[in-house]
*Asks:* 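I am attaching a structure below and will ask some questions about it afterwards.
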Amino acid sequence: MEFWTGIESLRSQTGGDIADLLADEARNARLRARHGAMMFDASKTSIPTAALDTLLEMAAGVPARRDAMFDGAAINETEGRAVLHTALRGTRPVMVDGADVMPEVQDTLARMRDFARAVRDGSFAPNGRITDVVNIGIGGSDLGPAMATIALAPFHDGPRCHFVSNVDGADWADTAKGLDPKTTLVIVASKTFTTIETLTNAKTAKAWMGEAVADPAAQFAALSTAQDKTSAFGIDLSRVFGFADWVGGRYSMWGPIGLSLMIAIGPDAFDAFLGGARSMDDHFRTADLAENMPVLLALIGIWHHQVCGYPTRAVLPYDNRLARLPAYLQQLEMESNGKGVTMDGATLPGPAGPVVWGEPGTNGQHAFYQLIHQGRTPVPCEFMVAAKGHEPALDNHHKLLMANCLAQSEALLRGRSLDEAREKVAGKFEGAELERQAAHRVFEGNRPSTTLIYPQLDPATLGAIVALYEHRVFVEGVMLGINSFDQWGVELGKELATSLGPLVDGADASGKDASTQALLAQLLAWRD
Ligand SMILES: O=P(O)(O)OC[C@H]1O[C@H](O)[C@H](O)[C@@H](O)[C@@H]1O
């Protein structure tokens, strides 16, 4: 069925009562997917079984495209590239342009392991044992390892890892403050090695190190597809870890871009992380569409955004160590599917990806949940929670965390009726004031949420969660008929920043619009 025709046909099925729908256990079971020890439950949404069937029909083209991706076809058509981040964690041969890419992937992984071990055991110690690692990168060369390094804190047994991304000198300055240049390893992570933020920070780091050691470049490593540029920067090829252009930046933490994570948690735990993602790949490749977890997430996403018209979705991990997951998913989802053009160049007839945002629970509850519960625009909430924390002595905290997570999805579902609200305030107010006070305490309810649960956040589980979201983005992109693997929308700002460079140094700004001229004039006046 043609996608937008299908979307139109589904609109008449929206607005159902979730509590009523939940009475149908056969429906609920179809909205639950399991993989390994993970369970995803989407039964607290308004999707009726018939709509799920239609959405599954609309996804009929996904398997062929999925297989093309795993097999190395050039599905990133605007850049003429294969999309093979799955090969970075894979074991099967994959042919690109007639050659198997896996030997090189394995070889680079083996070099990363050797280097990570040498840093961790102190055999790599140009000016003393490495105590701190600073990853300098931005976007896909930062968010993945930064998110995962926080997520896997209980598994850290290597040097401390820091992440500098912003061109704002504050980022570097605040990070460098506590560091000893003699015992710091700087990893410059940039797929292209042309990103101005990263190169600016890398040069600053080199100068900082040069004040303390004779050969600063000896304490630098680089992660990039551009070895000519890493060499020009002065980094010896033995510490350059390359990858091919078929790895998209926001899909790259499974390979060299994950080096800082590997140094933090060790090569074995990193292997477990890859293994978790690989198991999700296998599930995605082989499970029936109706039982396929990434497919189910994608169908829920399409139901909420394209069919129901909800403009955003919130990712709410009740897992403090997943604090950076929403930021990571913002890039993964919004850079991949924030598109307005179909693969063949036509304007999309409807919206592509939604706005993705979020914060860990329970913090968000005391900040923005007010709007989620009583604002006029429903926000589909994607909760996640583990059965166990990593602090057995603080299990009372973990039980509260689980109770809060479940309570929020229940509150969104049930709401509070006017009668219940009246009961709450009866005795405190009377007459018209009672009615007024009660009205403020009404929760509409019937608000959708999904919940992903898992036994404990460990490397394999994190790998599986991230791969789950990667494939969800893929399925949504295929169904929308867009290219999820380019990012032309970030180019214009970069070009204009280059043209503004001389202007912030005082060059003639008369070619700029009136607003830009006024802002520039005031900024420059304040610099005098
Ligand atoms: O890894 P790099 O080449 O330095 O790129 C870093 C980031 O910059 C770009 O602007 C893209 O939007 C991102 O997809 C990319 O991850």
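Order of appearance sets the numbers: ligands from 1, and atoms from 1 within every ligand. Owing to the predicted nature of the structure, the values given are computational and were not obtained by experimental measurement. The first residue in the sequence is number 1, and the count goes up from there.
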*Asks:* Any N/O of Thr198 closer than 3.5 Å to an N/O of ligand 1?
*Replies:* no

*Asks:* What protein heavy atom sits nearest atom 16 (O) of ligand 1, and how far off is it?
*Replies:* Gly140 N, 2.8 Å

*Asks:* I need the nearest protein heavy-atom contact for atom 3 (O) of ligand 1: residue, atom name and distance, please.
*Replies:* Thr192 OG1, 2.6 Å

*Asks:* For Thr198 and Asn201, does a side-chain donor sit closer than 3.5 Å to a side-chain acceptor?
*Replies:* no

*Asks:* Of the listed options (Arg250, Glu335, Lys191), which comes nearest to atom 13 (C) of ligand 1 when hydrogens are ignored and any heavy atom counts?
*Replies:* Glu335

*Asks:* With heavy-atom distances below 4.0 Å as the criterion, list the atoms of ligand 1 near Gln331.
*Replies:* 13 (C), 14 (O), 16 (O)

*Asks:* Which heavy atom of Val490 sits nearest to which heavy atom of Glu335, and what is that distance?
*Replies:* CG1-OE2, 3.6 Å

*Asks:* Checking side-chain hydrogen bond (donor to acceptor under 3.5 Å, both in side chains) for the pair Asp458/Thr461: CA distance, chi angles, key distance, verdict?
*Replies:* CA-CA 5 Å; Asp458 59 16; Thr461 304; 2.6 Å; yes

*Asks:* Numbering the atoms of ligand 1 from 1, which are under 4.0 Å from a heavy atom of Thr195?
*Replies:* 2 (P), 3 (O), 4 (O), 5 (O)

*Asks:* Taking 4.0 angstrom as the limit and counting only heavy atoms of Ser141, give me the atoms of ligand 1 inside it, by number and element.
*Replies:* 1 (O), 2 (P)

*Asks:* Given the ring of Phe70, does Arg285 sit roughly above its face, with NZ or CZ under 6.0 Å from the centre of the six-membered ring and within 45° of the axis?
*Replies:* yes

*Asks:* For the rings on Phe115 and Phe241, is their centre-to-centre separation under 6.0 Å?
*Replies:* yes

*Asks:* Who's the nearest protein heavy-atom neighbour of atom 7 (C) of ligand 1, and how far?
*Replies:* Ile138 O, 3.7 Å

*Asks:* If the cut-off is 4.0 Å to any non-hydrogen atom of Lys494, which atoms of ligand 1 fall inside it?
*Replies:* 9 (C), 10 (O)

*Asks:* Would you kindly say whether Arg278 and Thr91 are connected by a side-chain donor-acceptor distance under 3.5 Å?
*Replies:* no

*Asks:* Could you tell me whether the side chains of Asp281 and Thr86 share a donor-acceptor contact shorter than 3.5 Å?
*Replies:* no

